[in-house]
Enquirer: 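Handing you a structure now.
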2 protein chains.
Amino acid sequence: MADEPRNAALGITYLLGQLGNLAVRDFKNRMKSYALHPRQYVILSQLRDDPGISQQTLSDRLLVHRSAMVGLLDELESRGYLSRERNLENRREHSLVLSKDGRDLLDSLRETAATFEKDFLSSLTNAEAKKLKSLLQTVATAHGIETTTPNHELVVVKQ
Amino acid sequence: MADEPRNAALGITYLLGQLGNLAVRDFKNRMKSYALHPRQYVILSQLRDDPGISQQTLSDRLLVHRSAMVGLLDELESRGYLSRERNLENRREHSLVLSKDGRDLLDSLRETAATFEKDFLSSLTNAEAKKLKSLLQTVATAHGIETTTPNHELVVVKQ
DNA sequence: TATTGTTATACTCTATAACTATA
DNA sequence: TATAGTTATAGAGTATAACAATA
């Protein structure tokens, strides 16, 4: 056979690295009409699930340094998708909340993301895609990467 | 339940992106006694399987731009792990070949990589890890990422 | 003293353009 | 005219340090 592989193993590290880069780059491209970074989509998702969250907590959860978070939030705020409000219980913190426009944007982005994921994994059956996602989540959780938004202990948003 | 997830889906893109970054960063750290970049390990692997390969072909295969490849190879060459020889059949090309030291280094790195992968996936059973790798390879292949070294059509190395 | 948000800075990675030598 | 290797440069992305406000 002319194309029988000699080396079957460049390793999981290589696979994850290349696929991770590719997925993020392609998704960014798919989002280009929104002029947003994939990370900003993830930020909007977290704010929907955790209204009132602080920048530091958001940074910890998404593994983005708080200094890098500032610019990402600046842009989302200037475009009216979220607002920063002083947390009156701890005036060092900003409470981040989605605006109506932000929620609408997120709804639209979710469709884009769902379509992208379907396309990106089109070489797998639905069952395989589900299995892959489940395995990745197990590994991610073991490494402290949060893939779900936990119910947390009391964030008084407005009242 | 206090920590029941509200949002089960940050998406495959997020998972792959975060895990890819983490895996490469951690592996780089594991390799720190070698003072090499993970990409240089992959380069050595490719050269073992494809002696005489050109820089351009290597760049295409590993998705590293040829201008970025130069520095990676410079370092490996200056440390005696490989040599660049003019390809006499096409004098624009360099034929890359591992030295004895390079092969020894690669053997050692492969052990490091195997141990790292085992640790990185320690939250999975052996069967699950195998399944994960297989699924990732399917997706990678569908996206044109080469994870195996094909037998190719005639590279006369020396004769 | 320690923490949050911010700015400035540096360091790494990646992408582009231009040059040379070869074809 | 096009390609392989090289250099230089610019652009992201990430990490670190320092500062003001607050705890």
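In what follows, every heavy atom counts, from backbone to side chain, and hydrogens, waters and symmetry copies are set aside.
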Enquirer: At 4.0 Å (heavy atoms only), tell me whether B/His65 reaches a base, stays on the sugar-phosphate, or touches nothing.
Expert: base

Enquirer: Check ring pair (Phe, Tyr, Trp, His ring centres under 6.0 Å) between A/Tyr81 and all other residues, then give those that pass, not counting sequence neighbours.
Expert: none

Enquirer: Are the side chain of A/Ser123 and the backbone N or O of B/Ala142 linked by a donor-acceptor pair below 3.5 Å?
Expert: no

Enquirer: Whole angstrom is fine here: how far is it from CD in B/Glu85 over to P in D/dA4?
Expert: 19 Å

Enquirer: Under the criterion side chain to side chain donor-acceptor pair (under 3.5 Å), I'd like the reasoning laid out for A/Ser54 against A/Thr57: C-alpha separation, chi angles, the key distance, then a yes or no.
Expert: CA-CA 5 Å; A/Ser54 74; A/Thr57 303; 2.9 Å; yes

Enquirer: Would you kindly give the CG-to-C1' distance between A/Leu62 and D/dT14, to the nearest whole Å?
Expert: 15 Å

Enquirer: Is there a side-chain contact between B/Gln55 and the phosphate of D/dT6, meaning an N or O under 4.0 Å from OP1 or OP2?
Expert: yes

Enquirer: For the pair made of CG in A/Asn21 and P in C/dT14, what is the distance, rounded to whole Å?
Expert: 7 Å

Enquirer: Assess whether one donor atom and one acceptor atom, taken from the side chain of B/Arg92 and the base of D/dG5, lie less than 3.5 Å apart.
Expert: no

Enquirer: Toss me the dot-bracket line for DNA chain D: Watson-Crick and G-U wobble, both under 3.5 Å, 5' to 3', using | for pairs to another strand and [ ] for crossers.
Expert: |||||||||||||||||||||||

Enquirer: Which whole-number value in Å describes the distance from A/Leu82 CG to C/dG5 P?
Expert: 13 Å

Enquirer: Report the distance from atom CG of B/Asp74 to atom C1' of D/dG5, rounded to the nearest whole Å.
Expert: 10 Å

Enquirer: Would you mind telling me which residue lines up with the more 5' stretch of DNA chain D, A/Lys28 or A/Asn87, judged by nearest nucleotide?
Expert: A/Lys28

Enquirer: Just how far, in rounded Å, is C1' of C/dT12 from CG of B/Leu72?
Expert: 12 Å

Enquirer: Rounded to the nearest angstrom, tell me the gap between atom CE in A/Met69 and atom P in C/dT7.
Expert: 15 Å

Enquirer: Search all heavy atoms of A/Ser78 against all heavy atoms of A/Glu75 and return the closest pair with its distance.
Expert: OG-O, 3.0 Å

Enquirer: Quick check on the hydrophobic clustering: are A/Leu106 and A/Met69 connected, directly or via other members, by side-chain heavy-atom contacts under 4.5 Å?
Expert: yes

Enquirer: Could you tell me whether B/Arg39 contacts a base, only the sugar-phosphate backbone, or nothing, with contacts defined as non-hydrogen atoms closer than 4.0 Å?
Expert: sugar-phosphate

Enquirer: Holding to side-chain hydrogen bond (donor to acceptor under 3.5 Å, both in side chains), I want the full list of residues that pass it with B/Arg39, two or more places apart in sequence or in another chain.
Expert: none

Enquirer: For A/Arg25 and for A/Ser54, locate the closest nucleotide of DNA chain C by heavy-atom distance; then report the residue assigned to the nucleotide nearer the 5' terminus.
Expert: A/Ser54

Enquirer: Could you pick out which residue, A/Val64 or A/Leu88, lies toward the 5' side of DNA chain D when each is mapped onto its nearest nucleotide?
Expert: A/Val64

Enquirer: Counting only side-chain N and O atoms of A/His37, is one of them less than 4.0 Å from OP1 or OP2 of D/dA12?
Expert: no

Enquirer: Can you tell me how far C1' of D/dA12 sits from CD of A/Gln40, to the nearest Å?
Expert: 14 Å

Enquirer: Where the side chain of B/Ser67 is concerned, which of D/dA8, D/dG5, C/dT7 is the nearest nucleotide?
Expert: D/dA8

Enquirer: Side chain of A/Val70: nearest nucleotide among D/dG5, C/dA15, C/dG5?
Expert: C/dG5

Enquirer: Could you check A/His94, A/Glu93, A/Glu77 and say which one makes a side-chain hydrogen bond (donor to acceptor under 3.5 Å, both in side chains) with A/Arg84?
Expert: A/Glu77

Enquirer: Looking at B/Phe27 versus B/Tyr41, is the centre-to-centre ring distance below 6.0 Å?
Expert: yes

Enquirer: Need one value for A/Arg91: base, sugar-phosphate or nothing, where a base atom within 4.0 Å counts as base even if backbone is also close, heavy atoms only.
Expert: sugar-phosphate

Enquirer: OP1 or OP2 of C/dT6 sitting under 4.0 Å from any side-chain N/O of A/Arg84?
Expert: yes

